[in-house]
Each structure stands twice: as C-alpha cells, then as structure tokens.
Protein chains: 2
Amino acid sequence: MSNHETVNEILVRLFANILDIEEKCLRTGNFFDLSISEMHVIDNIGVNKERTMSDTAKDLKVTSGTLTTAIDNLIKKGYVERRRSVEDRRVVKIKLTDKGMEAFKAHEDFHKDLVISALQQLDSKEEELLIKVLSNIDVFFNHKYKF
Amino acid sequence: MSNHETVNEILVRLFANILDIEEKCLRTGNFFDLSISEMHVIDNIGVNKERTMSDTAKDLKVTSGTLTTAIDNLIKKGYVERRRSVEDRRVVKIKLTDKGMEAFKAHEDFHKDLVISALQQLDSKEEELLIKVLSNIDVFFNHKYKF
DNA sequence: CAATTTATTTTGATAATCAAATTATATTTA
DNA sequence: TAAATATAATTTGATTATCAAAATAAATTG
C-alpha cells in the first residue's frame with residue numbers, strides 16, 4: 001500500500017473513532033441526556049455570552065427553524081434560557097444556564113484532554129509535523145468549501 | 001498561541017466542516033442523489049466485493065435494521081444489488097452495481113485529493129513519520145477510551 | 001402610514017437512527 | 001430426528017435532526 005493510501009486509511013479511522021469517543025464520553029458522563037449536536041449548540045452559545053438565534057444558527061450552519069426546535073429541547077432539559085430582546089422585540093437572545101455552563105466546561109475539558117494526551121506522545125519535531133499536516137487539510141477544506 | 005490551542009482549534013474546525021464539505025462535494029457532483037451516509041455505505045461495501053448485511057452493519061456501527069432501510073434506498077436509486085445466499089438462505093449478499101462503483105470511485109478521488117493536500121511539502125521521510133504518529137494516536141485513543 | 005424587510009416560530013415533510021418483535025432458516029441437543 | 005435454540009435479516013413503531021415554505025410579529029423605509 002502506498003503512503004497516501006495508508007494516510008487516508010488512518011485519517012478515516014481516526015476521524016470515525018474520535019466522533020465515537022466523543023459521543024460515548026457524553027453518554028456515559030454527567031450529561032448523558034445531551035446528544036453531540038445538542039452539545040455543539042451549547043458549545044456555540046458559549047459561556048458569559050448572550051447570543052441571538054440567527055447568529056447562532058448561521059454559525060452552526062442550520063436554518064433558524066432547526067435551531068428553534070433544538071433550543072426548545074435544551075430549555076426543557078434546563079441547559080439554556082431564552083428571552084426576547086428589549087431593544088428589538090423581533091430578536092430572541094439565548095444564553096446558557098448554570099447547568100449549561102457546566103456542560104460547556106465538561107466538553108471543553110474533554111477536548112483539552114484529548115489534544116493534550118495526543119500531543120504528549122510526540123516530541124517537538126513530530127508535533128510540528130502534525131500541525132503542518134492539519135493546517136494543510138484545513139487549507140484544503142477552506143479551498144473546497146466555497147459554495 | 002500554544003501548540004495545544006492551535007491543534008484544538010484546527011481540529012474543532014475540521015470536525016465541524018468535514019462532513020458538510022464532503023456532502024456538498026457530493027451534491028454538486030455527479031452523484032447529487034447520494035447523502036454522505038449513503039456514500040459511506042457504498043464506500044464500505046467497496047468494489048469487487050460481495051458482502052453480507054451483518055458484516056456491513058457491524059463495520060458501519062449501525063443496527064441491521066438501519067442498514068436494511070439504507071440498502072432499500074440504494075437499490076431504488078440503482079447503486080446496489082441484493083441477493084440471498086444459496087449456501088445459507090438466511091444470509092443476504094449485497095454488492096455495488098456499475099453505477100455504485102462509479103460513485104465509489106468519485107468518493108475515492110475526493111479522499112485522494114485530500115491526502116495529496118495534506119501531504120504537501122512533506123518529504124518521504126516525513127510521510128513515514130506522520131504515519132507512525134497518526135497510528136500511535138489512534139492506538140492510544142483506543143486504549144484510553146475503551147468502553 | 002403603507003410597503004417592505006427582518007427575526008423568529010410553526011408546519012409539514014424527509015433522513016437516519018434505534019430497540020424490540022417477527023420471519024425464515026440453520027444448528028444443536030435430548 | 002423432532003424440538004429447542006440460535007442466527008440473519010426485515011418489519012414495526014418510535015425519536016431526533018434536519019429542511020423549505022408559510023405564518024407571525026416587529027422594525028425600517030420611502
């Protein structure tokens with residue numbers, strides 16, 4: 001097998017595994033009632049912020065209708081609060097509750113932990129190599145991603 | 001910014017976008033009637049192979065009920081064929097049609113492009129090192145997060 | 001102030017998924 | 001070998017995530 005094929009195979013496997021790990025860590029952790037996509041909504045709202053529905057939907061690349069139902073559920077579960085803006089009464093502001101912030105932090109910690117444990121294995125030369133390759137992929141995606 | 005933060009940032013962006021980009025490349029290409037999950041089924045069946053439902057479902061980490069409906073749709077769209085095994089009549093074998101193989105190859109090309117971009121500016125020694133580094137990370141994750 | 005634009009929600013639909021029940025066939029065992 | 005058990009796949013009934021288009025409400029503009 002060529003290097004290219006090997007790299008492809010490992011990247012595909014790593015990607016699938018990381019998604020799997022993230023989902024399972026969620027489901028077996030303290031926030032077992034959150035799906036990955038719900039966690040991504042929480043992650044996007046972020047701590048100490050009050051965001052509008054449309055900005056959040058745009059960031060997450062979903063329609064505002066989709067976000068409305070997602071937020072309905074997150075409110076039911078106690079992770080998010082919603083209020084109408086007083087300056088512009090068309091606008092709805094959302095922010096995390098304390099429980100939401102805890103979930104945010106847990107997820108952040110998970111990410112930190114994942115990256116730290118991956119990088120711990122590497123010497124500085126390997127680390128640079130990895131960053132270079134990841135950046136290359138990032139550039140490739142940004143290039144492809146103009147629709 | 002520390003290496004950790006850089007890596008984390010790139011990873012988050014990559015993970016947020018990769019499925020999206022892959023799907024959009026599909027939809028704007030010759031196989032606009034395939035979703036990304038359908039393409040992953042096609043990818044898993046692979047060319048020149050005849051696979052059983054259960055093996056494929058296991059590989060894809062979905063239940064066999066889920067795969068049954070996925071295969072129903074792929075047959076309707078003309079990408080897959082299904083026949084009962086003669087040796088064991090409980091077993092169902094699936095394989096790609098010619099159209100399915102074309103889709104497989106188109107998807108393969110997308111991945112090839114990705115890897116070529118990823119490996120840009122790397123000499124063959126660095127390629128080898130990268131393979132080692134990625135494999136280590138994969139093995140490490142599987143050890144650390146086993147459920 | 002009427003028309004238009006903007007922000008959000010609602011509605012009605014489809015994909016992907018699961019667990020549990022069902023069907024058909026094969027294997028084991030008493 | 002007939003009955004019990006196991007296996008492979010499908011069907012059923014449900015949920016979640018998603019979209020486009022219609023509806024609602026508020027702000028802006030001409």
Side-chain angles (χ1 to χ4, degrees), chain A residues 16 19-20 22-24 26-27 31-45 50-77 79-95 147, chain B residues 15-17 19-20 22-24 26-28 31-45 50-77 79-95:
Chain A
L19 279 183
D20 231 47
E22 198 167 354
E23 173 108 39
K24 278 178 182 148
L26 256 182
R27 294 292 183 190
F31 301 100
F32 52 82
D33 64 344
L34 288 174
S35 68
I36 284 265
S37 27
E38 287 178 319
M39 187 53 102
H40 286 159
V41 175
I42 289 176
D43 190 62
N44 191 274
I45 299 174
E50 214 182 19
R51 314 214 46 220
T52 69
M53 289 295 285
S54 19
D55 289 350
T56 311
K58 201 172 171 185
D59 261 25
L60 290 168
K61 298 188 181 80
V62 295
T63 63
S64 39
T66 297
L67 188 64
T68 297
T69 54
I71 294 294
D72 287 347
N73 290 323
L74 285 171
I75 288 171
K76 249 185 242 150
K77 293 179 183 175
Y79 292 97
V80 173
E81 283 168 10
R82 166 160 55 191
R83 68 169 188 82
R84 228 160 238 291
S85 159
V86 279
E87 307 94 60
D88 182 340
R89 293 196 38 73
R90 291 169 305 180
V91 172
V92 166
K93 303 279 187 104
I94 47 181
K95 71 188 258 265
F147 293 97
Chain B
F15 271 76
N17 292 152
L19 288 178
D20 230 44
E22 220 173 334
E23 172 120 26
K24 277 182 182 142
L26 263 181
R27 297 283 188 195
T28 55
F31 301 100
F32 52 84
D33 64 344
L34 288 173
S35 69
I36 192 70
S37 26
E38 287 179 318
M39 187 53 102
H40 285 159
V41 175
I42 288 176
D43 189 62
N44 191 274
I45 298 174
E50 213 181 23
R51 315 215 45 219
T52 69
M53 290 295 286
S54 21
D55 289 350
T56 310
K58 202 173 172 186
D59 262 25
L60 291 167
K61 297 190 178 82
V62 296
T63 63
S64 40
T66 298
L67 188 62
T68 295
T69 54
I71 294 294
D72 286 347
N73 290 323
L74 285 171
I75 288 171
K76 249 185 245 152
K77 293 179 184 176
Y79 291 97
V80 172
E81 283 169 9
R82 164 159 57 188
R83 67 171 189 81
R84 226 159 242 292
S85 159
V86 278
E87 306 94 61
D88 183 340
R89 293 197 38 74
R90 290 170 304 182
V91 170
V92 165
K93 303 282 186 95
I94 48 180
K95 72 188 258 265

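Reminder, nothing fancy here: chain letters follow the sequence lines and each chain counts from 1.
Put simply, CD1 on Ile71(A) is 16 Å from P on dT16(D), counting in whole angstrom units. The interatomic distance linking Glu23(A) (CD) with dT16(D) (P) rounds to 13 Å, in whole Å. Rounded to an integer number of Å, the gap from CD1 of Ile94(B) to C1' of dT10(D) is 14 Å.
Toward the 5' end of DNA chain D, the nearer of the two residues Arg84(A) and Asn73(A), judged by each one's closest nucleotide, is Asn73(A).
Under the side-chain hydrogen bond (donor to acceptor under 3.5 Å, both in side chains) criterion, Glu23(B) pairs with Arg27(B), sequence neighbours left out. Every side-chain hydrogen bond (donor to acceptor under 3.5 Å, both in side chains) that Asn44(B) has, sequence neighbours left out, goes to Arg51(B), Asp59(B). Residues passing the salt bridge (charged side-chain N to carboxylate O under 4.0 Å, His left out) test with Asp55(A), sequence neighbours excluded: none.
In summary, Asp20(B) and Lys24(B) engage in a salt bridge, as defined by a charged side-chain N under 4.0 Å from a carboxylate O.
Of all nucleotides present, none satisfies the Watson-Crick or G-U wobble test against dA15(C) with each distance under 3.5 Å. Applying the Watson-Crick and G-U wobble criteria (two distances, each under 3.5 Å), dT16(D) pairs with nothing in any strand.
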Pull out every protein N or O sitting under 3.5 Å from an N or O of nucleotides 1-8 of chain D, one pair per line with the distance.
| from | atom 1 | to | atom 2 | distance (Å) |
| --- | --- | --- | --- | --- |
| dT7(D) | O2 | Arg90(B) | NH1 | 3.2 |

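Near DNA chain C, defined here as any heavy-atom distance below 4.0 Å, there are no residues from residues 34-45 of chain A.
Contacts between chain A and DNA chain C, taken as any atom within less than 4.0 angstrom of a protein heavy atom, begin and end at dT6(C) to dT10(C).
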